[in-house]
Amino acid sequence: MIRLNRTPKSSAAIARMEEHLGHPLSQCYQCGKCSAGCPAAYTMDEPPNRVIRFLQLGLYDRVLEQNSYWVCSSCETCTARCPRNVEVKEIMELLRHDAYRRGLTSGERAVFVFHKTFLKTVKWFGRLYEPGLIMLNNLLSGHFFKDFAAVPGMLLKGKLKLFPGRGADNAAVRRIFKYSREEAPRGEV
Amino acid sequence: MKFSYYPGCTLHSTAVEYDLSARAVCKTLGIELVDIPGWACCGATSAHSVNELLAYALPAHTITSATESAIAAPCAACYNRLRYTDVNLREDAHLRAEVEKALGRPYRAGVAVRHLLDIIANDVPADEIQAKLAGTLGGVKVVCYYGCLLTRPRDVAAFDDMEEPRAMDRLMELCGAEVLDWPRRVVCCGAAFSLSRTDVVYHMTGKILASALKAGADAVVVACPMCQSNLDLRQPAILKKLDLEGRIPAVYFTQLLGLCMGHSRNELGFGKIMVDTSPLIQKINSGRAETAAPAEG
Amino acid sequence: MATIREELQAAVKKLFDDDKIDYFVGYAEDYGHTFPAILTKDSDPSRLTFDRKSYDNLANFLPELRGSRVGLICKQCEVRTLNVLAAEEQVERDKLVVVGVPCPAMLDPRKLTEGAADLDSLDESYWQEKCRRCLERNTPLADVFVGERVSTPTPAEGWPLLEEVEKMSAEERLAWWRRQMSLCIRCYACRLACPLCYCHQCFVEDNKPQWIDKSVAPENNLHYHIIRAVHLAGRCIECQECSRVCPVGIPVDVLNNVLSRDFAERFGYVSGETAETQPALTRYERDDKEDFIL
Amino acid sequence: MARVGVFICWCGANIASTVDMEKVTEAAAKLPHVVYATNYKYMCSDPGQKTILDAALEHKLDGIVVAACSPRMHEPTFRAVAAEAGINPYRMQMANIREQCSWVHGDVDEATAKAVDAVRMMVARVAQSLALEPIKVPVTKRALVIGGGIAGIQAALDVADGGVETILVERTPSIGGKMAGLDETFPTLDCSQCILTPKMVDASRSELIKLYTYCEVEKVDGAVGNFKVTIRKKAKYVNTELCNGCGDCWHKCPYKKIPSEFDFGVGNRTAIYVPFPQAVPNIPVIDRETCVFFKTGKCRACEKFCLRGAIDFEQEDEFEEVEVGAIIVATGYDLLDHTQMGEFRYGAIPDVITGLQFERMSSASGPTEGKILRPSNGEEPKVVVFVHCVGSRDENYKEYCSKICCMYSAKHAVILKHRIHDAQAYLFYIDVRAGGKGYEEFWKRACVEEGAEYLRGRVSRVYDEGGKVIVEGQDTLSGEQVEVAADLVVLATAVVPAKGSEELARILGISTDKDGFFNEAHPKLRPVDTATGGIFLAGCCQAPKDIPESVAQGSAAASKTLGLLSKEDITREPTVAVVDPLICTGCWNCVNVCPFGAPEKSEITITVDGKKVTRAVSNINEAKCEGCGLCVATCPGNCIDQRGFSDDQVYAEIGGYLERVRAAKNSD
Amino acid sequence: MTKAEKQKEPEKAPQWKPNIVGFLCNWCSYAGADLAGTSRIPYPCDVRIIRVPCSGRVDPLMILRAFREGADGVLVSGCHPGDCHYIEGNYYARRKFIALKKLLDHVGIDPRRFRVSWVSASEGRKWANVVEAVTRELLEVGPFRYEEDGDD
């Protein structure tokens, strides 16, 4: 039972989200087209339109507890097809940003860890270093040998480099990371 | 034509054949590619997933570092991130100020971000491409897979139709392939979960592979290294899980284009594709022979 | 019976004396028979009587006397007839003085033997069939009531002859009716005796076109009787005068009873129940039940 | 003997490939009455028609049978040919040997035999067919509009605009109807009274419009072109000639607490009153039911204070008979009474109101001067729940969609936000049906810009607790039960036909649907007509409608009316019933069954046995008879016949066919 | 049996076909029968159609006349209840036919000889089915004769 009170949108998080999106969540009229085309909906706790519905009703925390936004693949099918131009993918990303900041994995620790690892490698090397990413990811996620079956073949075909490439403007990249995490109002990694 | 070239991280590692073939084709077509000094990762897919500012600042760094007035990006994910960044920074002064603080220098607005497919299909006249072709694809059957990020969303990546893009189809037809119609040209392969939720990749990529096999294609033509890696690297495991027979190589459109322009397979990095491409090559060759024979007789 | 006779004569005299009526329709006795009589102010009321041979449905005379003030002896049969005639605007109730009588049940002339002494004491086996089903013997509509009220026995159920015919197979029924109809001489006594056959011109006399052939072939006769039954559907009040007067003894009323019973079961319809009861075929319900329409 | 020509059409191969043309022609030629028979490839073509014309002249035909396609296809064509040949069109009959023969039967012998029979039947029919002339009825050039709401006003204005005198009957003391009580109107939010009152004034000023307010239609006789209408002019107890509408009377009336009908009980009125300040005419009436003088014989305050002496307690209802050629019915709607619904506590909670009550509150000229207040304590509500589909789309009450509620509820939510900025509206809906110009956009505005919270689902129950109205419902989109503690609940109750419309339907002889709305003649192609000629519909009396639709239908009905009244007389098919008065017994079976009221009770005086007798007999009003023949088949005395479908014709057809069968049977 | 008789036999017994009179209302059933034609839906050819304005126009006299003239069956068809062009003619007709049907059944005339159907203008298929059913039943019932021994 949801008790609706006078200001259902009192949640600051939702107000911030709406400001960020540039449109109120009530813009969504629940046609469900986003969910209909979502390739990842099958593995979501609630499909995208339901996520938005809960947000419309002010149930921000409940949404954060669900895995939907973590398994969103950001393919933008939803946003592209939305008849009311609701920024569905954007909503998912904003939820991820918040969850990431709060350290909420909602049962999707592997995804959480992957993002962390990915950004670490980028931060260190300025570019993505895939073997490093795979190893580090496996280390952090506890699946030590996952995907290593493919590695010998890839090495043979010259697809994996044993050492990270050079050439990126590392100083600039570190500056970006530092600023995004520590100072920017929209950052907070 | 001169472009700043932004290969992105993958073209320097898992998608090296894309890099090779892209450079070869551009050279033949007289498109000059200039490397961007100090380019960095665009942040896809994690940066935009978890940190908004990072997601804009990383591509902004690369755009600002470009020396030419336009950037050619062969990777759909990079292309998408770069365009997103450019569109949003131009529209949102506040965001731009934030990003510039992170960059420590002014953002260089006005650089056009283009995908390589867009450039080749839309900037180079068809008859010019035709003039450079030394052979055909011999009627080999292909499906063109654009993936999710190449054409979406409408107002960001606006070079082709969002639901039914045709740029790659046109190029492949020009090369003499039989381009098959199929329903999954813009469906996501799940690249973001390549390492974290492999089961999701199996599910999504599996649908694409099954559909391509059902259509009767000899190859899936792609324009994104992420897609290629999912379709190629994980194909044996996925098809085994789906209990499907056969193999279908995922090749870059630049590789097939290069092949017709007379570049060698080695030059184009065909050997670097995990799924065996020799049956495809064989079909192309026998197709060429068949079409050539009656003309001679 | 003697008392009712005197009361009746006195009442009629008073009605004429008070100038309430122009005509009085009742029964008179002559040569040991009882027959209908229409009296005027100048007639001698001493021949008026009412007994168990007062068979005729006197309402039969009402359409003829339309426009005049009429006094009328009413048994239950006439009461229902009056209601039907009123609904069809063939009588004007305010010009009618209903003289009620306690009906002792009419005797069936076919069951009477010559010279039966005491008519008053004859039991049920001598009654007309309709009287066994009588619902109320004391003229509910009466303006004037003569004689002493009688109790009404519990009405009998069922239609003995109809049920007997229905027990036959279809072929047997057709043969039975054909036999009956082969007797019909088209004298139209049934029509004449029927108080509800008041048309100026009967359909059977309509020769433009001649829907029903005039010759007395059994099928022509059957068609005449079927259509007559249709015209009486939901109107016939089961006085059985048609059968009583039939010179060749055809139980004409059976056809009417088929519909009376069916309409009661199907539509809950009782003809002549009130003066407002519209004829059954001039109304309908949206969900009238039937089981033969494709 | 008639002189009939039979013309058999091949219809190319359509008929000729299955029906043996020569055999049919040969058989036709042998039939009695037939003096000429021929066949031709396309009888409907110009040369085909010429064949008929030439033969008609050459053989002096007085009847024609065309054996061809269905009469539903070409009857008008061949009737015209007959007329051109100097033969009465009603002595032309078509034998249908295409749709009902060649196209459905494959065997040539069988199809040919059937075609011959069809020709036999039609020849027999033609021989019995009388020459008929179309019926002409003169037209009274005056219209009646029943109901003075927006639909009726629009219809009256448009008819008057066409130069035709119009009588506008309204049963309340003022025209204006429901629209006069509305606040702003969707989707443009223009003020209802601002757009309506000029029209009301126009109607009252028009020289061609006669306003009959506080009047009701009592009786309607006659038929299309010539209705006789009896109007009951209810006693106003005010001399309308003397009254100048100064208002002294109602200000002095001591009895001030009568719930106002116009305000749906939100406000009060006096016993002598005008329903609202902008009333047209601005003349008060005394409500006999609530006036103290009529109850106790004492008071007469109004009379004392009326300087013009206009109060007249002696007035009685008067009746006036008017003649009109057409009638427009625009009697509007009422709202379903929600106090019969248990889930809303049978109306026991004062803060549960209807949409129309909300309108009166929010109307600037209403009893609260535009303030939205809680009826229970007069405070501003901060949380307001609007409930869609109350009694609509509900098989326990009304199955249909009331159509206007989605939009007016959205409008209410917007108005609420405009009047009380910090108020929150919740709307329980099932679908939002916003199918009008600018409607979807307006709805989007309500929920996106004005912050109305839409909850998809029905309210299960409402109860009062601690000074709030608790609304229990379901949000089916989230799958969650929801509960709102509201200050005010506004019910969008079902739109139902105005009280008394069933009685009016009886008076007019028009039909209603299962919900009591008047039936249109055809749901798509004749949405403004009724099945009864000369009676048209406008507005909500036919089905729930919003203002633009009501106005459109009002104008449409006016145009139909003007079209009808522009003629000097009306031509009707002559295939009507006829009574033989000499044998009619006046049993009125025909009167009872006729759906159109065509048989009328009348009298004739004839001489029987040398005496003059006056008899009650039926007489068919040809202007009303639609030619169904129901009375003909119902009359037990065969006193009624139908022209063009006479007993003789049907008898001849039966005989024409079965004569052959009988002959065949007898030869066995 | 002589040889001549044997040869004559097949000729003398052509398959018997019922004679059916159909009264069709102009607005629904007649139009429905037309639709069966335009849709080319074949059906038995034994019904001869008489067009009447409404099923309410059909008098029981007409039905009995048809039987008297030698019809083996009579079919009346009108609009579905509620769809009558004349609003309610078919409702009255239904009551009339209920009465007639009851009487015909009672006097032993096979109920299959008198049929009523509701066929709308859009039911070409249904019209064909109705004719099919009525014809099939009458083939079972056989020719109609009142006469016991052929006298008239």
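These numbers were taken from a predicted model, which means no experiment stands behind them. Every chain is numbered from 1, with letters handed out A, B, ... down the list of sequences.
- Counting heavy atoms from C-beta outward, E/Asp72 and D/Val661 have side chains that stay 4.5 Å or more apart.
- Within the 4.5 angstrom heavy-atom criterion, only side-chain atoms of D/Arg660, from C-beta onward, approach chain E.
- Only the side chain of D/Asn638 comes within less than 4.5 Å of a heavy atom of chain E; its backbone N, CA, C and O stay farther away.
- The environment of E/Arg125 atom CZ is sparse: at most 12 non-hydrogen atoms of other residues, nucleotides or ligands sit within 6.0 angstrom.
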(message) For a side-chain contact (heavy atoms from CB on, under 4.5 Å) check, start with the C-alpha distance between D/Leu630 and E/Tyr86, then their side-chain angles and the critical distance, and finish with the verdict.
(response) CA-CA 9 Å; D/Leu630 180 57; E/Tyr86 302 104; over 6 Å; no
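- When side chains are defined from C-beta on, E/Leu35 does not count as touching D/Glu99, because their heavy atoms never get closer than 4.5 Å.
- For chain E, no part of D/Asp513 is nearby; none of its heavy atoms comes within less than 4.5 Å.
- E/Tyr30 contributes atom OH, which lies 9.0 Å from atom CZ of D/Arg72 (distance to the nearest 0.5 angstrom).
- Heavy-atom proximity under 4.5 angstrom to chain D picks out E/Asp46, E/Val47, E/Arg48, E/Ile49, E/Ile50, E/Arg51, E/Val52, E/Pro53, E/Cys54, E/Gly56, E/Arg57, E/Val58, E/Asp59, E/Leu61 from residues 46-61 of chain E.
- In this structure, chain E has a heavy atom under 4.5 Å from the side chain of D/Tyr657, while its backbone stays farther away.
- Contact of E/Tyr91 with chain D is not made at all, since no heavy-atom distance falls under 4.5 Å.
- A side-chain donor from one of D/Tyr651 and E/Arg65 sits under 3.5 Å from a side-chain acceptor of the other.
- Heavy-atom pairs under 4.5 Å with chain E peak, among D/Val650, D/Thr575, D/Asp107, at D/Val650.
- Heavy atoms of other residues, nucleotides or ligands lying less than 6.0 angstrom from CD of D/Glu573 number more than 12.
- Proximity to chain E involves both the backbone and the side chain of D/Thr634, based on heavy atoms less than 4.5 angstrom apart.
- Distance check, rounded to the nearest 0.5 Å: SG of D/Cys631 to OH of E/Tyr92 gives 11.5 Å.
- Nearest heavy-atom pair, D/Val104 versus E/Ile41, reported as atom, atom and distance to 0.1 Å: CG1-O, 3.2 Å.
- When the heavy atoms of residues 96-105 of chain E are compared with those of chain D, the residues falling under 4.5 Å are E/Lys96, listed by number.
- In this structure, no portion of E/Ile63 lies under 4.5 Å from any heavy atom of chain D.
- Contact count versus chain D (heavy atoms, under 4.5 Å) is highest, among E/Ala36, E/Cys84, E/Ala31, E/Ala93, for E/Ala31.
- In terms of modelled atom types and a separation under 3.5 Å, the side chain of D/His105 and the main chain of E/Tyr43 share a donor-acceptor contact.
- Taken from CD in D/Glu653 to CZ in E/Phe23, the straight-line distance is 8.5 Å, to the nearest 0.5 Å.
- Contacts of D/Asn14 with chain E are made by side-chain atoms alone, with heavy-atom separations under 4.5 Å and no backbone atom involved.
- Note on E/Gly124, E/Cys45, E/Ala128: by heavy-atom pairs under 4.5 Å with chain D, the leading option is E/Cys45.
- When each of D/Cys628, D/Gly655, D/Cys635, D/Gly629 is checked for heavy-atom pairs under 4.5 Å with chain E, D/Cys628 comes out on top.
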